[in-house]
Amino acid sequence: MIRLSKSVLRGFQFGDENSLQYHANNINVWNNVRDSFPHPYLRSDAVNWISAHHQLINPHNLAISVDDLVVGGIGIIPDKDIYKINAEIGYWLGEEFWGEGIMTEAIETMVLYVFEKFEFSRLYAGVFETNPASMRVLEKAGFKKEAIHQKSILKNGRILDEHYYSILKS
């Protein structure tokens, strides 16, 4: 468990199902994440996620908790083969908590956690062109824009640019 000024990063646990489903089941959240993030986000999705991610020693995915309720998530997807020194960072936050600085602090802390616990030298994130707030959050957390992958993603029937950010282990 990592205490932050406005939230806590911790492992997912049984009992988180209701708050996870409530905050994840929001079209405005889903509009900013990959399609593999379910929508609608059902109770069974929350149960399956928690079942797969609770009780890990050094989890790759952490809950963002406010007042002991899960209001978001942050995690990494390790790359493979020759890219195994890289990991993609992903995150989401319940809409009612947007604009409060919670995500910037969570990303800064997750970067430190990942570089301390795992053997990665680089983290990266892709952001939809329609999400400038997420770009600002990454920049505040020390990420640098590396590229814009033009017309590289399809979300909600629209072809969009992806803004690509990274941060290196110092």
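Only a predicted model underlies this, so the values are computations on that prediction, with no experimental measurement involved. For the single chain, residues carry numbers from 1 onward in sequence order.
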*Asks:* Just by modelled atom types, is the P40 backbone N or O under 3.5 Å from a matching donor or acceptor in the W30 side chain?
*Replies:*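 Pair absent, no side-chain N/O of W30 close to backbone of P40.
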*Asks:* Indicate, with yes or no, if M135 and V137 share a hydrophobic cluster defined by side-chain heavy-atom contacts under 4.5 Å among Ile, Leu, Val, Met, Phe, Trp and Tyr.
*Replies:*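 Linked, V137 and M135 end up in one cluster.
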*Asks:* If I take atom OH from residue Y41 and atom OG from residue S44, how far apart are they, to the nearest 0.5 angstrom?
*Replies:*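 With rounding to 0.5 Å, OH (Y41) is 9.0 Å from OG (S44).
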*Asks:* Find the distance between CD1 (I159) and CD (E129) and round it off to the nearest 0.5 Å.
*Replies:*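 Result: 10.5 Å between the selected atoms.
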*Asks:* Scan residues 133-146 for pairs that pass salt bridge (charged side-chain N to carboxylate O under 4.0 Å, His left out), counting only residues two or more places apart or in two chains.
*Replies:*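 Non-adjacent pairs meeting salt bridge (charged side-chain N to carboxylate O under 4.0 Å, His left out): R122-E146.
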*Asks:* Applying a strict under-4.5 Å side-chain criterion to I, L, V, M, F, W and Y, I'd like to know whether I64 and L69 cluster together.
*Replies:*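 No; tracing contacts between hydrophobic side chains, which count when under 4.5 Å, never links both residues.
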*Asks:* Can you confirm whether Y83 is buried at OH, in the sense that more than 12 heavy atoms of other residues, nucleotides or ligands lie under 6.0 Å from that atom?
*Replies:*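 At most 12 heavy atoms, drawn from other residues, nucleotides or ligands, come within 6.0 Å of this atom.
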*Asks:* Pair up each side-chain donor or acceptor in residues 101-111 with any protein partner under 3.5 Å, not counting sequence neighbours, and list the distances.
*Replies:*
from: E105; atom 1: OE1; to: S5; atom 2: N; distance (Å): 3.2
from: E105; atom 1: OE1; to: S5; atom 2: OG; distance (Å): 3.0
from: E105; atom 1: OE2; to: S5; atom 2: N; distance (Å): 3.1
from: E105; atom 1: OE2; to: S5; atom 2: OG; distance (Å): 3.2
from: T109; atom 1: OG1; to: E105; atom 2: O; distance (Å): 2.8

*Asks:* Please determine whether the number of non-hydrogen atoms from other residues, nucleotides or ligands lying under 6.0 Å from atom CD of E119 exceeds 12.
*Replies:*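 It does not: E119 CD has 12 such atoms or fewer within range.
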*Asks:* Should E96 and H23 be marked as a side-chain contact (heavy atoms from CB on, under 4.5 Å) after you check the CA-CA gap, both sets of side-chain angles, and the distance that decides it?
*Replies:* CA-CA 9 Å; E96 67 191 76; H23 291 287; 3.4 Å; yes
*Asks:* Please identify which of these residues, Y113, F12, Y91, meets the side chain to side chain contact (heavy atoms under 4.5 Å, CB included) condition with L62.
*Replies:*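 Checked Y113, F12, Y91 against L62; only one passes side chain to side chain contact (heavy atoms under 4.5 Å, CB included): Y113.
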*Asks:* How about I27: does its CD1 atom have over 12 heavy atoms from other parts shown lying under 6.0 Å from it?
*Replies:*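 Yes, the 6.0 Å shell around CD1 holds more than 12 heavy atoms from other groups.
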*Asks:* Run the side-chain contact (heavy atoms from CB on, under 4.5 Å) check on W98 and L93 step by step: do they pass?
*Replies:* CA-CA 7 Å; W98 293 0; L93 187 65; 4.2 Å; yes
*Asks:* Quick one: CD1 on I76 to CG on N61, what's the gap to the nearest 0.5 Å?
*Replies:*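 So the CD1 of I76 and the CG of N61 are separated by 8.0 Å.
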*Asks:* Nearest 0.5 Å, please: how far is NZ in K169 from CZ in F118?
*Replies:*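 Nearest 0.5 Å value for the CZ-NZ distance: 11.5 Å.
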*Asks:* Give me the atom names and distance for the closest heavy-atom approach of D35 to K155.
*Replies:*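 Looking at all heavy atoms of both residues, the shortest contact is OD1-NZ, 2.7 Å.
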*Asks:* Assess whether atom CG of N28 is packed by more than 12 heavy atoms of other residues, nucleotides or ligands within 6.0 Å.
*Replies:*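 It does: N28 CG has more than 12 such atoms within range.
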*Asks:* Testing N26, N131, T130, N156 for side chain to side chain donor-acceptor pair (under 3.5 Å) with N31, which one passes?
*Replies:*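 Between N31 and the candidates, side chain to side chain donor-acceptor pair (under 3.5 Å) is satisfied uniquely by N156.
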*Asks:* Would F128 and I74 show up in the same hydrophobic cluster when neighbours are defined by side-chain heavy atoms closer than 4.5 Å?
*Replies:*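 Different hydrophobic clusters.
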*Asks:* side-chain contact (heavy atoms from CB on, under 4.5 Å) for N18 and R43? Distances and angles first, verdict last.
*Replies:* CA-CA 7 Å; N18 290 341; R43 181 169 176 77; 2.7 Å; yes
*Asks:* Ignoring hydrogens, what is the shortest heavy-atom contact between E162 and S152? Give both atom names and the distance.
*Replies:*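 What the structure gives for the nearest pair is CB-OG, 3.5 Å.
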*Asks:* Check for a donor-acceptor pair, side chain of K6 on one end and backbone N or O of E100 on the other, with a separation under 3.5 Å.
*Replies:*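 Yes, K6 side chain to E100 backbone: donor-acceptor pair under 3.5 Å.
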*Asks:* Yes or no on side-chain contact (heavy atoms from CB on, under 4.5 Å) for I2 and V8, after CA distance, side-chain angles and deciding distance?
*Replies:* CA-CA 6 Å; I2 305 168; V8 171; 6.0 Å; no
*Asks:* How close do A87 and P78 get, counting heavy atoms only, and between which atoms?
*Replies:*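 Nearest pair, atom of A87 first, then P78: CB-CA, 4.0 Å.
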*Asks:* Search all heavy atoms of E17 against all heavy atoms of V47 and return the closest pair with its distance.
*Replies:*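 Heavy-atom minimum between the residues: CG-CG2, 3.8 Å.
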*Asks:* Could you measure the distance from the CG atom of D16 to the OG atom of S65? Nearest 0.5 Å is fine.
*Replies:*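 These two atoms lie 7.0 Å from each other.
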*Asks:* If you compare all heavy atoms of G11 against all heavy atoms of A63, which two are closest, and at what distance to 0.1 Å?
*Replies:*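 Scanning both residues, the minimum pair turns out to be O-CB, 4.3 Å.
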*Asks:* Keeping to residues at least two apart or across chains, list the ring-ring contact (aromatic ring centres under 6.0 Å, His included) pairs with something in residues 133-152.
*Replies:*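 Pairs touching residues 133-152 that pass the test: H149-Y164.
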*Asks:* Locate the shortest heavy-atom distance separating D45 from P38; write the atom from each residue and the value.
*Replies:*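 Scanning both residues completely, I find the closest heavy atoms to be OD2-CB, 3.5 Å.
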*Asks:* Answer yes if L4 and W92 sit in the same cluster of Ile, Leu, Val, Met, Phe, Trp and Tyr residues linked by side chain heavy atoms under 4.5 Å apart, and no otherwise.
*Replies:*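 Looking at the clustering, W92 is in the same group as L4.
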*Asks:* Atom OG of S166 and atom CD1 of I89: how far apart are they, to the nearest 0.5 Å?
*Replies:*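 It comes to 12.0 Å.
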*Asks:* Applying the 4.5 Å side-chain criterion to the ILVMFWY set and letting contacts propagate, would F97 and L138 be lumped into a single cluster?
*Replies:*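 F97 and L138: one cluster.
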